[in-house]
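As structure tokens, the structure follows; a few thoughts come after it.
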Amino acid sequence: MKIIIFDDDPTGSQTVYGCPLLLNWDEQTLEKAFLKSSPLIFILANTRSLSSVLAVQKTREICSSIKKFFLRQGFSKDDYFYISRGDSTLRGHGVLEPEILAEELGPFHATFHIPAFLEGGRTTENGIHYLNGIPVHKTDFGRDNIFGFSTSDLAKWIEEKSFGKIQAENILHIEIKELDMAFNNEDGFKSLLSFLSKLENNISVVVDAKLPHHLETLARAIKVVSREKKFLFRTAASFINSLSELPPNPQDTADLVSLKSKNNQFEYKPGLIIVGSHVQLATDQLEVLMKDNSCEGLEIPVSKLADMFALEDSQEEILKLEKILLSKIDDILDVKKVPVLYTTREEIKFSSCSRRMNFGLELAEFMAILVGKINNKFGYIISKGGITTQLLLQKGLNFNQVDLKGQILPGLSIVKSTSNQYDLPVVTFPGNLGDEKTLLESFRLMESKS
């Protein structure tokens, strides 16, 4: 049974490999994806970059395309698992998107909320979601300007994000002790099956997870009852791995690094690093990276761009800035260094969340188009930030679909176009992943001789 994942940014495939990531959902693109042997199809909806109104619109548009495709192919929407993949730090439209998917692809007997991303230190215990042992609402992510929240208690979080439509007292909970019992003995597993088989009316269920076997046990039980029950999932990346049951990737890190493209002399081309994410971790990682003498930074002046975007006729000014930045990138390449293109780290204040989100999209598109004009100069790109990466793939490189090759580090994927026209691998680097040295580590990996 194929698993269709609606990914709210392009990094949710960070625990799997060998599957298509779709940036378009026309019939031809869907048909190519469904012909692939992988059990997984990721649809890169990029809804985390959108307002709630536009996120609903985009989700319905994708569902409409899928349902039309199913109808023409004679497929049944009931023959698939559907996952709404969201951020393991709870940013995004975490309750709204599953609600729309339920309306479009349901009915479902239950919606499971499983934000654990074990590879990144995100765990859930007693219904409380943690980042490296800290309740996630107490971290910078809980104070996010757009998607902030006041509680790490997932039931209360669902109530908060549904504006009281889903009451915490009505939300069910699968605890670690129940999953351990189901893992350790047959009676415990039968008890879990019994619980799942009684779920009705798309009830919300919060799931604890601290270790891989918690998610694997749940996935095994869900597959047993899926003959009778239809479930929807809002999860981070780890559960996707458990549900798909992929064997270990036959390609190791050296194989993935060797995907870098070469010049006419069969030498690896230089790399490019772009950093658009504004979370504090991204800034810390950038600072560590810039201490490496083989890199040279190039700042995109965000305030200046904001002023340009506000002009009625902004194109001429934008092209002038583009020309300056492209020239500086060439200068960096001339001295045999790797350009690091990054946005000004200070965040601009906006009058509303929608204005801020619109500017974020405009900024990411500016970076994407800039890189798209010179992508043939590079052997690989490391792209930091979900929105940045989505628009790089979609608007900068004009990809309809990419193939996920695997991870060079835990949670850090490398993708390539399915078209023979492009031979440029892109490392998709989530804004919130790793520690302060992870960006530097990924750069050194990609620069290593394979």
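In this structure Phe350 satisfies the ring pair (Phe, Tyr, Trp, His ring centres under 6.0 Å) test together with Phe359, sequence neighbours excluded.
Ring geometry, Phe70 versus Tyr80: the interplanar angle falls under 30°, so the pair is classed parallel (tilted spans 30 to 60°). Below 30°, between 30° and 60°, or above 60°: for Phe69 and Phe34 the angle between ring planes is between 30° and 60°, a tilted geometry.
We find the CG-NE2 distance between Asp144 and His137 to be 15.0 Å, quoted to the nearest 0.5 Å. Residue Ser442 holds its OG atom at 6.5 Å from CG of Leu409, rounded to the nearest 0.5 Å. One distance of note links CG of Leu305 with CD1 of Ile300; it measures 7.0 Å at 0.5 Å rounding. Rounded to the nearest 0.5 angstrom, Gln280 CD and Thr139 OG1 are separated by 12.0 Å.
Side-chain rings of Phe183 and His213 approach one another, their centers coming within less than 6.0 Å. Taking the six-membered ring for Trp and the full ring otherwise, Phe443 and Phe429 have centroids separated by 6.0 Å or more. A centroid separation of less than 6.0 Å is found between the aromatic rings of Phe112 and Phe233.
For the pair Lys373 and Glu322, the salt-bridge criterion is met [side-chain N within less than 4.0 Å of a carboxylate O]. A salt bridge links Lys36 with Asp403: at least one charged nitrogen is closer than 4.0 Å to a carboxylate oxygen. Using a 4.0 Å cut-off between charged nitrogen and carboxylate oxygen, Glu317 and Lys304 do not count as a salt-bridge pair. Salt-bridge annotation for Arg60 and Glu103: present, with a side-chain N of the basic residue lying under 4.0 Å from a carboxylate O of the acidic one. Remark: Lys395 engages Glu365 in a salt bridge, criterion side-chain N to carboxylate O under 4.0 Å. Arg234 and Asp8 are joined by a salt bridge, as a carboxylate oxygen and a charged side-chain nitrogen come within less than 4.0 angstrom of each other.
Side-chain N/O atoms of His129 and Thr124 include a donor and acceptor closer than 3.5 Å. With no hydrogens or angles considered, no side-chain donor-acceptor pair links Ser242 and Glu216 at under 3.5 Å. Counting only N and O atoms by type, the side chains of Ser354 and Arg356 include no donor and acceptor under 3.5 Å apart. For Glu97 and Thr47, the side-chain atoms include at least one donor-acceptor pair closer than 3.5 Å. Under the 3.5 Å distance criterion, with hydrogens and angles disregarded, a donor-acceptor pair is assigned to the side chains of Gln285 and Lys384.
Contact detail for Gly276 and Thr388: the closest heavy-atom pair is CA-OG1, 3.3 Å.
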Under 3.5 Å, which donor-acceptor pairs link side chains of residues 323-339 to any protein atom two or more places apart or in another chain?
residue	atom	partner	partner atom	Å
Asp330	OD1	Lys377	NZ	2.5
Asp330	OD2	Lys377	NZ	3.3
Lys337	NZ	Asn293	O	3.2

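Pairs passing the salt bridge (charged side-chain N to carboxylate O under 4.0 Å, His left out) check and including a residue from residues 429-448, sequence neighbours excluded, read Asp292-Arg444.
Judged by distance alone, with hydrogens and angles left aside, the side-chain atoms of Ser238 form a donor-acceptor pair with the main-chain N or O of Leu118 at under 3.5 Å.
Geometrically, Lys269 does not engage Phe378 in a cation-pi contact, judged by NZ or CZ lying under 6.0 Å from the ring centre and within 45° of the ring axis.
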